[in-house]
Engineer: 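Shown below is the structure under consideration.
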Amino acid sequence: MAQQVQGVIARAKGEPVRIETITVPDPGPGEAVVKIQACGVCHTDLHYREGGINDEFPFLLGHEAAGVVESVGEGVTEVAPGDYVILNWRAVCGQCRACLRGRPQYCFDTHNAKQKMTLADGTELSPALGIGAFAEKTLVAAGQCTKVDPAASPAAAGLLGCGVMAGIGAAINTGNVGRGDSVAVIGCGGVGNAAVVGARLAGAAKIIAVDIDDKKLRTAKELGATHTVNSRSADPVEAIRELTGGNGADVVIEAVGRPETYEQAFYARDLAGTVVLVGVPTPEMKIELPLLDVFGRGGALKSSWYGDCLPSRDFPMLIDLYQQGRLDLDAFVTETIALEDVEKAFERMHHGDVLRSVVIF
Ligand code: APR
Ligand code: ZN
Ligand code: ZN
């Protein structure tokens with residue numbers, strides 16, 4: 001039986017979100033209905049409601065979520081009712097060229113639920129990032145659910161579904177940070193600060209946090225940065241070089257998504273160092289680099305898509321570290337809020353004093 005629940009809907013470009021009754025169908029083949037316990041508020045949700053992603057209004061927002069599988073459709077083997085899971089953007093196919101070459105994070109044929117959730121009048125909803133978890137229940141592809149330790153707090157666990165995973169993964173997966181490395185992180189919002197945490201987890205000896213906001217730098221320090229640089233008052237490239245014996249960092253992670261910060265990252269890396277772009281640029285953005293500098297400095301310029309994560313590998317591992325007290329995910333939960341307060345959380349984002357507001361059900 002299809003169910004009616006409350007969800008946070010963005011009806012039209014720029015309009016404040018509101019709570020509406022939605023219909024969640026029974027799971028079809030390969031699908032699961034998940035009872036959401038917590039869902040973080042991410043910039044991407046705001047971006048959807050501002051019309052910046054695509055024009056498929058109305059959206060059911062929310063995508064950084066943990067919950068319990070309520071029911072599964074035909075043929076589902078990944079999860080069973082009662083499993084505690086973290087949701088991810090897409091289920092990988094396991095059969096395409098990328099999957100077969102051992103790079104499922106670049107799967108060409110990822111999928112979400114086939115059926116649509118709807119408004120009361122039958123209008124089909126577009127779930128944010130194929131999830132739509134600002135709702136008491138949501139419909140996803142079963143492969144989007146990853147089972148983790150049920151003792152882990154949902155508010156913290158859900159954050160691994162997006163921004164925090166993007167940052168940690170940029171350090172441990174894409175940047176391949178190793179023991180004793182020097183790492184610089186440019187831009188210390190939720191994503192950059194998660195990269196600081198990832199670098200620490202990987203055993204980096206020096207972690208240099210760069211931002212234009214002292215508040216963000218204070219948080220970075222609490223999370224494990226060994227040095228901080230405010231790039232409004234100092235040239236970040238020079239500062240990073242100075243802090244690394246004149247060399248530059250082994251790994252520089254750019255978590256802003258702007259040409260000038262990417263260029264800083266490029267020049268702040270050591271010879272043969274790695275630059276990781278995790279900040280998402282807009283289509284118009286360009287940079288110009290002297291080819292001789294690209295050639296002469298060696299190393300690697302990489303981008304990190306969703307932290308190059310493989311949910312089935314990374315979510316349970318990071319939750320175990322969290323449960324052991326070795327990964328402080330709670331530090332990213334600035335406040336817990338009710339479903340009605342998502343619009344207020346969007347407003348607070350602009351002030352820059354929140355890493356994550358998390359809706360608790
Ligand atoms: N130099 C250094 N830091 C900067 C600069 C700059 N020129 N401009 C902005 N920042 C800082 C901001 O002060 C803020 O702390 O970058 C940080 C950006 O953080 P958020 O806005 O909180 O964004 P976040 O959620 O962390 O995402 C960062 O990663 O995944 C992508 O789409 C995401 O492009 C976005 C980026
Ligand atoms: Zn695939
Ligand atoms: Zn997100």
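Atoms within a ligand are numbered from 1 in the order they appear, just like the ligands themselves.
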Engineer: What angle, to the nearest 10°, do the atoms SG (C42) and NE2 (H63) form about the Zn ion (ligand 3)?
Structural biologist: 110°
Engineer: Between the side chains of R49 and E343, is the shortest nitrogen-to-carboxylate-oxygen separation below 4.0 Å, so that they form an ion pair?
Structural biologist: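 Looking at R49 together with E343, the answer is yes, because their closest N to O distance falls below 4.0 Å.
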Engineer: So does R313 have more than 12 non-hydrogen atoms from other groups sitting under 6.0 Å from CZ?
Structural biologist: yes
Engineer: Are A166 and ligand 1 in contact, using a heavy-atom cut-off of under 4.0 Å?
Structural biologist: no
Engineer: Would you indicate whether R90, at its atom CZ, is surrounded by more than 12 heavy atoms from other residues, nucleotides or ligands within a distance under 6.0 Å?
Structural biologist: yes
Engineer: Looking at residues at least two apart in the chain, or sitting in another chain, which of them share a side chain to side chain contact (heavy atoms under 4.5 Å, CB included) with D341?
Structural biologist: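 Scan of D341 (side chain to side chain contact (heavy atoms under 4.5 Å, CB included), adjacent residues dropped) gives I337, A338, K344.
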Engineer: Is the Lys NZ or Arg CZ of R269 less than 6.0 Å from the centre of F266's six-membered ring, within 45° of the axis?
Structural biologist: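 Yes.
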Engineer: Flag the pair W305 / T174 as yes when at least one side-chain heavy-atom distance between them is below 4.5 Å, and no otherwise.
Structural biologist: no
Engineer: With a 4.0 Å cut-off on heavy atoms, is A255 in contact with ligand 1?
Structural biologist: yes
Engineer: Linking I/L/V/M/F/W/Y whenever any side-chain heavy atoms sit under 4.5 Å apart, do F295 and V275 land together?
Structural biologist: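 Different clusters: F295 never reaches V275 through Ile, Leu, Val, Met, Phe, Trp or Tyr contacts under 4.5 Å.
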Engineer: To the nearest 0.1 Å, how far is atom 31 (C) of ligand 1 from its closest protein heavy atom, and which atom is that?
Structural biologist: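 Of the protein heavy atoms, V278 O, 3.5 Å lies nearest.
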Engineer: Counting non-hydrogen protein atoms only, what is the nearest one to atom 24 (P) of ligand 1? Give residue, atom name and distance.
Structural biologist: V191 CG2, 3.8 Å
Engineer: Do NZ/NE/NH1/NH2 and the carboxylate oxygens of E20 and R18 come within less than 4.0 Å?
Structural biologist: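 Here E20 pairs with R18 in a salt bridge, since their nearest N and O are under 4.0 Å apart.
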Engineer: Of all the non-hydrogen atoms in the protein, which one sits nearest to atom 16 (O) of ligand 1, and at what distance?
Structural biologist: G187 CA, 3.6 Å
Engineer: Considering non-hydrogen atoms only, spot the tightest contact between L139 and V33 and give its length.
Structural biologist: CD1-CG2, 3.9 Å
Engineer: Under 3.5 Å between some N or O of ligand 1 and some N or O of R356?
Structural biologist: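 It does not: no N or O of R356 is found under 3.5 Å from an N or O of ligand 1.
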Engineer: Can you list the ligand 1 atoms lying under 4.0 Å from a non-hydrogen atom of G190?
Structural biologist: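 What qualifies from ligand 1 is 22 (O), 26 (O).
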Engineer: Between the candidates I212, V354, V164, T44, which shows the shortest non-hydrogen contact distance to atom 5 (C) of ligand 1?
Structural biologist: I212
Engineer: Under the side chain to side chain contact (heavy atoms under 4.5 Å, CB included) test, which residues partner E74, sequence neighbours left out?
Structural biologist: P29
Engineer: Where do V256 and G187 come nearest, in terms of heavy atoms and distance?
Structural biologist: CG2-CA, 3.6 Å
Engineer: Could you tell me if the side chain of I22 sits less than 4.5 Å from the side chain of I9, heavy atoms only?
Structural biologist: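 SC-SC contact between I9 and I22 confirmed.
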Engineer: Mind checking whether the Zn ion (ligand 3) has an N, O or S of H43 under 2.8 Å?
Structural biologist: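 It does not: H43 brings no N, O or S atom closer than 2.8 Å to the Zn ion (ligand 3).
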Engineer: For the Zn ion (ligand 3), what is the closest N, O or S atom on E64?
Structural biologist: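 Result for E64 and the Zn ion (ligand 3): OE2.
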Engineer: Starting from atom 13 (O) of ligand 1, which protein heavy atom do you reach first, and at what distance in Å?
Structural biologist: D211 OD1, 2.6 Å
Engineer: Measure the distance from atom 29 (O) of ligand 1 to every protein heavy atom, then report the residue, atom name and distance (to 0.1 Å) of the closest one.
Structural biologist: G279 CA, 3.5 Å
Engineer: Centroid separation under 6.0 Å, is that true for the rings of F108 and Y106?
Structural biologist: no
Engineer: With distance as the sole test, does T123 use its side chain to make a donor-acceptor pair with the main-chain N or O of L119 at under 3.5 Å?
Structural biologist: no
Engineer: Just heavy atoms, cut-off under 4.0 Å: does C42 contact ligand 1 by side chain, backbone, both, or neither?
Structural biologist: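 Contact part for C42 vs ligand 1: neither.
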Engineer: Give the residue, atom name and distance (to 0.1 Å) of the protein heavy atom nearest atom 21 (O) of ligand 1.
Structural biologist: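 For atom 21 (O) of ligand 1, the nearest protein heavy atom comes out as H43 NE2, 3.6 Å.
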Engineer: Within the side chain of E50, is there an N or O that forms a donor-acceptor pair under 3.5 Å with the backbone of K13?
Structural biologist: no
Engineer: Check for me: within less than 2.8 Å of the Zn ion (ligand 2), which protein N/O/S atoms show up?
Structural biologist: C93 SG, C96 SG, C99 SG, C107 SG
Engineer: Can you pull out every salt bridge (Lys or Arg N to Asp or Glu O under 4.0 Å) where at least one residue sits in residues 134-156? Sequence neighbours excluded, please.
Structural biologist: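 Output for this query lists E70-K137, D83-K147.
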Engineer: Tell me: protein heavy atom nearest atom 19 (O) of ligand 1, and distance?
Structural biologist: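 So the nearest neighbour among protein heavy atoms is G189 CA, 3.3 Å.
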Engineer: Does an N or O anywhere in I186 fall below 3.5 Å from an N or O of ligand 1?
Structural biologist: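 No; the residue has no nitrogen or oxygen that sits under 3.5 Å from a nitrogen or oxygen of the ligand.
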Engineer: Looking only at N/O atoms, are T261 and ligand 1 under 3.5 Å apart anywhere?
Structural biologist: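 By distance alone, the answer is no.
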Engineer: For V280, is at least one N or O under 3.5 Å away from an N or O on ligand 1?
Structural biologist: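 Yes, V280 has an N/O under 3.5 Å of an N/O on ligand 1.
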Engineer: Would you mind running through ligand 1 and noting each atom that sits below 4.0 Å from a heavy atom of S231?
Structural biologist: 1 (N), 2 (C)
